[in-house]
Amino acid sequence: MLRKALLVLLLLSGAVFGAGSEKPLSNGLAKTPPMGWSSWNNFAENISEQLIIETIDAMVANGMQAAGYQYVNLDDGWQRYKGERRDHPLEADPVKFPHGIKYLSDYAHSKGLKLGIYSGPGQSTCAGYTGSEGHEKQDAALFASWGVDHLKYDSCCSHKDAPDDVVKTVFATMSKALMAQPRGIVLHACHCGWSNIWEWAPAMGINHWRIGQDISDDFDYPGNREGYYFDVLDMLDRGVGLEKYAGPGHWNDYDMLVVGLNGKSVDLVGAGASNVEYRTHFSLWAMEDSPLLASADLRRLDAYTLETFTNPEVIALNQDPLGKPAKRVRSRDGLEVFAKELADGSWAVALLNRGSPTADMTFSVHKDLNLPWIKYTVRDLWKHKDLGEFEIPYTAEVISHEARIFRVTEVKDKP
Ligand code: GLA
């Protein structure tokens, strides 16, 4: 009896404390990294109803939806007013979006896709449009009433130098406001990799958080372009050591994919990358369990780029239910080995050559993966080819800036 009473007391006190900030929040969404498209990198503020409708249609028609892409996300520039929220309401630009945002989410849903939107915790956003400060509950309800499925909440400009406690508070406020809505809305916290956000975002119900400043359309630019932007390899390096913070429902976000921009984006800086480099970028974002948010013009993808975006075997690594991002297990002279454990007991291995000369690269299931396997098979995930059974370390030729991606599986002797 006494034990029962104690248990009830304990449960009750848990419920009371649980109502405070201590209890981890979870919206139960994004069990695997979100896949989709975001408007910013290629279009910046030049977005419109027509562009979004055509992007939705392209995602369905070009096979990306079938490959797993779901979200079509409006970034900054959908709002009607530039300036501070205290001076203007938050409304959709009636010229760019004559039928409003609900019309677009209805259209996305009718095609089996989802719609995302953008705001921020400041008076204004990075591009100078009205933000959500002081109106978080109202805006969360507005987005839900529009049928929105994903919110990118961007504090990169408004809270760049804010103390960590303030940053935490603004994200907690929006996270709770979204969770109070009748529909699930995935929350992306865009704080440009500051405030060690990975340490506290998962418990706040944040589904993905940027690990760095904005990506530029470069594979390996010396330093940071304009003293700010991260190229593909900078972002990859930024993620080393952060793998442990990610898992089902909460992911390190390496920023939008620049695959297919080819240095031609009107707004995003960068000289573009080669097909091989873009493929390497895609493969490593997949290995790291980053959200896969394309940003190129989906209406005009060439065959090679589309093949990069839709490789089912590489996407399967990203969407693996175990949700364990790859770790960099070896790095020497620009030759790096990444390894990712998968739900079925197999592993994915990436051999990345950051240098110029072609290299013969080797991985060992014993030394690099720490596995006691005697015999294993190797499958090349870009060539879609089984390469055979091996008992010794596996060696492959890797050209400059290429990442060869393999799936390795133990061969168990039949009893
Ligand atoms: C910041 C973000 C970008 C984009 C712009 C929009 O720079 O990091 O991803 O959302 O704001 O203004």
Side-chain angles (χ1 to χ4, degrees), residues 27-40 42-62 64-81 89-120 125 127 129-132 135-154 174-175 177-190 205-208 256 291-295 297-299:
N27 58 18
L29 302 171
K31 291 292 182 207
T32 60
M35 293 175 63
W37 175 87
S38 171
S39 59
W40 186 255
N42 197 54
F43 297 98
E45 296 166 56
N46 305 311
I47 50 179
S48 66
E49 179 178 296
Q50 194 186 344
L51 170 70
I52 300 304
I53 296 279
E54 287 176 11
T55 300
I56 290 169
D57 289 344
M59 196 182 267
V60 174
N62 71 10
M64 287 180 74
Q65 178 186 34
Y69 294 82
Q70 278 193 305
Y71 293 91
V72 173
N73 292 349
L74 291 165
D75 206 291
D76 213 355
W78 64 270
Q79 312 89 325
R80 180 171 191 167
Y81 299 106
L90 181 65
E91 289 171 16
D93 184 321
V95 177
K96 292 176 181 174
F97 300 98
H99 295 93
I101 304 299
K102 174 132 192 348
Y103 175 81
L104 287 178
S105 61
D106 283 347
Y107 189 73
H109 297 155
S110 77
K111 302 284 175 182
L113 293 174
K114 295 175 189 279
L115 194 85
I117 206 157
Y118 168 101
S119 192
T125 64
Y129 292 88
T130 46
S132 289
H135 299 266
E136 296 80 5
K137 285 187 183 161
Q138 182 192 337
D139 291 357
L142 180 70
F143 299 148
S145 75
W146 285 345
V148 159
D149 306 291
H150 181 284
L151 173 67
K152 175 174 177 179
Y153 203 51
D154 183 357
M174 184 48 91
S175 183
L178 290 178
M179 281 187 213
Q181 301 310 314
R183 64 182 298 112
I185 300 179
V186 170
L187 176 56
H188 167 193
C190 184
I206 291 168
N207 301 107
H208 51 118
M256 291 162 270
L292 297 178
L293 294 171
S295 61
D297 186 344
L298 300 192
R299 303 165 304 175

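Source: prediction; values computed, not measured.
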Exercise. Looking only at heavy atoms, which two atoms of Gly205 and Asn27 are closest? And how far apart?
Worked result: O-ND2, 3.7 Å
Exercise. With distance as the sole test, does Gln65 use its side chain to make a donor-acceptor pair with the main-chain N or O of Ala61 at under 3.5 Å?
Worked result: no
For this session: Decide yes or no for Leu292 and Pro33: does some side-chain heavy atom of the first lie under 4.5 Å from some side-chain heavy atom of the second?
Result: no
Exercise. Any side-chain donor-acceptor pair under 3.5 Å between Tyr118 and Asp154?
Worked result: yes
Problem set entry | Distance, nearest 0.5 Å, that separates CE of Met174 from CG of Leu187 | 8.0 Å
For this session: Check the pair Tyr153, Leu178 against side chain to side chain contact (heavy atoms under 4.5 Å, CB included), reporting the backbone distance first and the verdict last.
Result: CA-CA 11 Å; Tyr153 203 51; Leu178 290 178; over 6 Å; no
For this session: Let me see the working for His208 and His188 under side chain to side chain contact (heavy atoms under 4.5 Å, CB included), right down to the final yes or no.
Result: CA-CA 5 Å; His208 51 118; His188 167 193; 3.4 Å; yes
For this session: Check whether any side-chain heavy atom of Val186 lies under 4.5 Å from a side-chain heavy atom of Asp149, and answer yes or no.
Result: no
Exercise. Mind checking whether Tyr103 and Ile53 have side chains closer than 4.5 Å, heavy atoms only?
Worked result: yes
Problem set entry | Approximate separation, where rounding is to 0.5 Å, of His150 NE2 and Ile117 CD1 | 12.0 Å
Exercise. When the ring planes of Phe143 and Trp146 are compared, do they come out parallel, tilted or perpendicular, using 30° and 60° as the limits?
Worked result: tilted
Exercise. Are the side chain of Glu136 and the backbone of Ala177 linked by a donor-acceptor contact shorter than 3.5 Å?
Worked result: no
Problem set entry | Any side-chain heavy-atom pair of Leu90 and Tyr129 under 4.5 Å | no
For this session: Look up atom CD in Glu45 and atom CG in Asp76, then write down how far apart they are to the nearest 0.5 Å.
Result: 6.5 Å
Exercise. Which residues satisfy the salt bridge (charged side-chain N to carboxylate O under 4.0 Å, His left out) test with Asp297, sequence neighbours excluded?
Worked result: Arg299, Arg300
Problem set entry | Minimal non-hydrogen separation, Thr130 against Pro89, with atom names | OG1-O, 3.7 Å
Problem set entry | Min side-chain heavy-atom separation Leu298-Tyr69 under 4.5 Å | no
Exercise. Minimum heavy-atom separation for Ala67 to Met35, with atom names?
Worked result: O-CE, 3.8 Å
Problem set entry | Smallest separation among heavy atoms of Arg80 and Ala92, with atom names | CB-O, 3.8 Å
Exercise. Which atom pair, heavy atoms only, marks the closest approach of Leu29 to Gly184?
Worked result: CD1-C, 3.6 Å
For this session: Scan for salt bridge (Lys or Arg N to Asp or Glu O under 4.0 Å) pairs involving residues 103-118, sequence neighbours excluded, and state none if there are none.
Result: Lys102-Asp106
For this session: Mind running side chain to side chain contact (heavy atoms under 4.5 Å, CB included) on Glu91 and Tyr81 for me, showing each step along the way?
Result: CA-CA 8 Å; Glu91 289 171 16; Tyr81 299 106; 4.0 Å; yes
Seminar exercise, completed: Looking only at heavy atoms, the pair that brings Leu113 and His109 closest together is O-CD2, 3.2 Å
Problem set entry | Non-hydrogen side-chain atoms of Gln70 and Pro34 separated by less than 4.5 Å | no
For this session: Could you check Ile52 against Tyr107 for side chain to side chain contact (heavy atoms under 4.5 Å, CB included), going step by step and ending with a plain yes or no?
Result: CA-CA 10 Å; Ile52 300 304; Tyr107 189 73; over 6 Å; no
Exercise. Is it true that atom CD of Gln50 has more than 12 heavy atoms of other residues, nucleotides or ligands lying nearer than 6.0 Å?
Worked result: no
Seminar exercise, completed: Interatomic distance, CH2@Trp37 vs CG@Leu74, rounded to 0.5 Å, equals 7.5 Å
Seminar exercise, completed: Value for OG (Ser105) from CZ (Arg183), rounded to nearest 0.5 Å, stands at 7.0 Å
Problem set entry | Rounded distance (nearest 0.5 Å) linking atom NZ of Lys137 with atom CG of Asp139 | 12.5 Å
